Structures are given as structure tokens and as C-alpha cells.
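Side-chain atoms are counted along with the backbone in the values below, which use heavy atoms only and exclude waters and symmetry mates. Per chain, numbering begins at 1; letters A, B, ... match sequence-line order. Since this is a predicted model, take the numbers as computed values, not measurements.
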Protein chains: 2
Amino acid sequence: MAKNFLQNPSKLSTTECSKSLLPVQDALYVLSGKWKIPIIIALIHGNKRFKELHREITGITAKMLSKELKELEVNTLVTRTVYDTIPVSVEYELTTYGTTLNDVIMALRDWGLKHRQKIKEKK
Amino acid sequence: MAKNFLQNPSKLSTTECSKSLLPVQDALYVLSGKWKIPIIIALIHGNKRFKELHREITGITAKMLSKELKELEVNTLVTRTVYDTIPVSVEYELTTYGTTLNDVIMALRDWGLKHRQKIKEKK
DNA sequence: GTAACCGATATACCAAAGGATACCGATATA
DNA sequence: TATATCGGTATCCTTTGGTATATCGGTTAC
């Protein structure tokens, strides 16, 4: 039932269609901003400390990195662990819930690749 | 090779991972802004005229509707057809290319639904 | 003693996104 | 004559997103 959504669009009522609107917007909101995807991708191959992320993600400022990490933490996509070293070290890790974004990211990547190709052809 | 991307993250180099960054950002850019998804979803069950979209998409201003439709047109997701009626009627249609976004939208919707559920549970 | 590292925060600023409102010419309706 | 419809555009304004730069306290290395 819900599985057929968007696959036989002509059969769907406006109300049925609008049911997908909010979830899609929720998902986009979680990924919104210039740096969330770069951060998530950076964390995919392993935990990272603040400075490591800062070095790895070119162009990001410490303020934005801190802010975006907080938002990812609020959405339980990332965990923040403080270690009692000297000086203190803080490790960021993608949660298992965070890895459930893989399908979304892969769908976006696949479409993005096709789109790049299409834009190239037009020129 | 590329298919395994994000499925066995620990095996991937930074350069391999960063290959997905640009396509994902491209895709998100195409969907960016407050109104693109509502417009696309509105067009999924059939062609619509400007005023129909304006009425159907609650909250949007004519300025934003016009602007977002132009961007969708530039990306060949939507076509604009002017009919020589009186007064003139303009029809917007999702292209077949536009419908290739279905996988992306469904992935976003599925994740968004799970996320809503998860947020609810926390409370 | 002074410079650097760590994980940030504070302040100031700027540009882009989006909203509110008014208006357009052509036509139809009251 | 006045008002409404259609598909927008023009102008102004506010909000948000993002940048730049300086600074913090505690510690270590030079």
C-alpha cells in the first residue's frame, strides 16, 4: 500500500501525496546546511576528533563545525565523547542510527551522478 | 566497486568517500529551498497551472512559486507550456527526467518517517 | 617566558533566502 | 464603470545561514 507511493501517481489523492511531504521535509531538514553531509561522510570511515574534522573538511570554520556537530548530536546521528586526557580530547562518532542514512545518501549520490552526466551532455 | 560504497565504510579511503560528496551536494542543491519538494509532489499527480499550484501549495507566494518553477525548469525537471487561450494559461508538467527523482524522494520519505517515529519515542 | 595545541565560544559582519505588498496588461463578468 | 481572473514582476523588508577574527583556560614543549 504505502510501498506503491509515487509509483502509480495518477491513482493518488492529494491528501495521500501530501502525507509524504512532511517526512521528506524532515529528512531534508536533518541534512540541511552546507556542512552536515561533509561531516557525516567524514565520520563514515571512523571516529574523529574535533581538530581532525576541522583539518579534513576544507573550508569549515570552528564555529560552524561545532554548531553542525551539535545539531547532528541532537538528532542522535552522532555521539560526542570527552576523554580525560591532557589536553582533553573529544571524539565524534556516527551512531548506528546515523548509518541508517546510508540509503538516503546513496540515493542522493546516484541521482547526483546521473544529473552531473546530464548537465555535461547538454553543453 | 562503486556499488559497495557506504556499505563497507571501513575499507574506504578518504578520496573514495569524497567522490560521493559532490554528487550528493548536487542532488541536494537541485532540491534546495523551501518549496521545490512541495512543487514536485504537487506535480506528481498531474499537470497544473500556475494558479492551481498557488492555491494547492499553502503558504507560497507568487514570487517564490515563479522563482522555484524557473529553477526546476532550468534543471529540466519541469516543463512550462503556454496555451493561447484567453486569458493565457500556463501549464507545468513534471518531465520524465523529473520522475527519476522518485527514488530519492522515496528514500527521503522512508527515512523521514522513521525519524519522526524516533523523535516521538524520545518524548 | 613564550609559543603552540586542544576544543571550543563571542562578537561582528555580510549575503542569500524568503515574505509582504503593490502592481501590470488583457479580458470577462456584474 | 467597477471588479475579478490569469500569470506573473517590482520593490522593500526581515530572517537565516554562513564567514572572519579574536579570545578562552589549561597544558606542554621550546
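Taking side-chain N and O atoms only, A:Lys67 has no distance below 4.0 Å to OP1 or OP2 of D:dT16. Within the structure, a side-chain polar atom (N or O) of A:Lys70 is placed less than 4.0 Å from OP1 or OP2 of C:dT9. The phosphate of C:dG7 (OP1 or OP2) has no side-chain N or O of A:Tyr83 nearer than 4.0 angstrom. Dashed line: the shortest gap from a side-chain N or O of B:Arg55 to OP1 or OP2 of D:dC6 is under 4.0 Å. Here B:Ser66 reaches the OP1 or OP2 of D:dT9: one of its side-chain N or O atoms lies under 4.0 Å away. A:Arg49 has a side-chain polar atom (N or O) that falls below the 4.0 Å cut-off from OP1 or OP2 of C:dG7. For the pair A:Tyr29 and D:dG17, the criterion of a side-chain N or O lying under 4.0 Å from OP1 or OP2 is not met.
Atom pair B:Gln25:CD and D:dG18:P shows a separation of 11 Å (rounding to whole Å applied). Taking atom CG of residue A:Leu65 and atom C1' of nucleotide D:dA20, one finds them 16 Å apart after rounding to whole Å. Distance, B:Leu69 CG to C:dG18 P: 14 Å, rounded to whole Å. Whole-Å rounding puts the A:Glu73 CD to C:dG7 P distance at 14 Å. Look at CG on B:Asp84: it is 13 Å from C1' on C:dT27, rounded to the nearest Å. Put simply, CD on A:Glu68 is 14 Å from P on C:dA8, counting in whole angstrom units. Counting to the nearest Å, the C1' atom of C:dA17 and the NZ atom of A:Lys34 are 15 Å from each other. Between B:Trp35 atom CH2 and C:dA17 atom C1' there is a gap of 13 Å when expressed in whole angstrom units.
Listed candidates were C:dG7, D:dC6, C:dA28. Nearest to the side chain of B:Ile86 is C:dA28. Distance from the side chain of A:Pro87 is smallest to C:dC6 among D:dT19, D:dG7, C:dC6.
Within the shown strands, D:dA2 is the pairing partner of C:dT29 under the Watson-Crick or G-U definition, both distances less than 3.5 Å.
In this structure a side-chain-to-backbone donor-acceptor pair under 3.5 Å is missing from A:Glu56 to A:Leu53. Checking side-chain atoms of A:Ser20 against main-chain N and O of B:Arg109 turns up no donor-acceptor pair under 3.5 Å. With B:Lys48 contributing its side chain and B:Ala42 its backbone, the two residues share a donor-acceptor pair below 3.5 Å.
A:Arg80 places none of its side-chain heavy atoms less than 4.5 Å from the side chain of A:Leu69.
The existence of a salt bridge linking B:Glu71 and B:Lys36 is confirmed by a sub-4.0 Å separation between a basic side-chain nitrogen and an acidic carboxylate oxygen.
Not a single donor-acceptor pair, N or O on each side, falls under 3.5 Å between the base of D:dT9 and the side chain of B:Lys63.
Using a 4.0 Å heavy-atom criterion, one finds that B:Thr85 contacts no nucleic acid atom at all. Among the heavy atoms of the strands lying under 4.0 Å from B:Lys51 is at least one base atom, whether or not backbone atoms are also near.
Note: B:Tyr92 and B:Phe50 have tilted aromatic rings, judged against thresholds of 30 and 60 degrees for the angle between ring planes.
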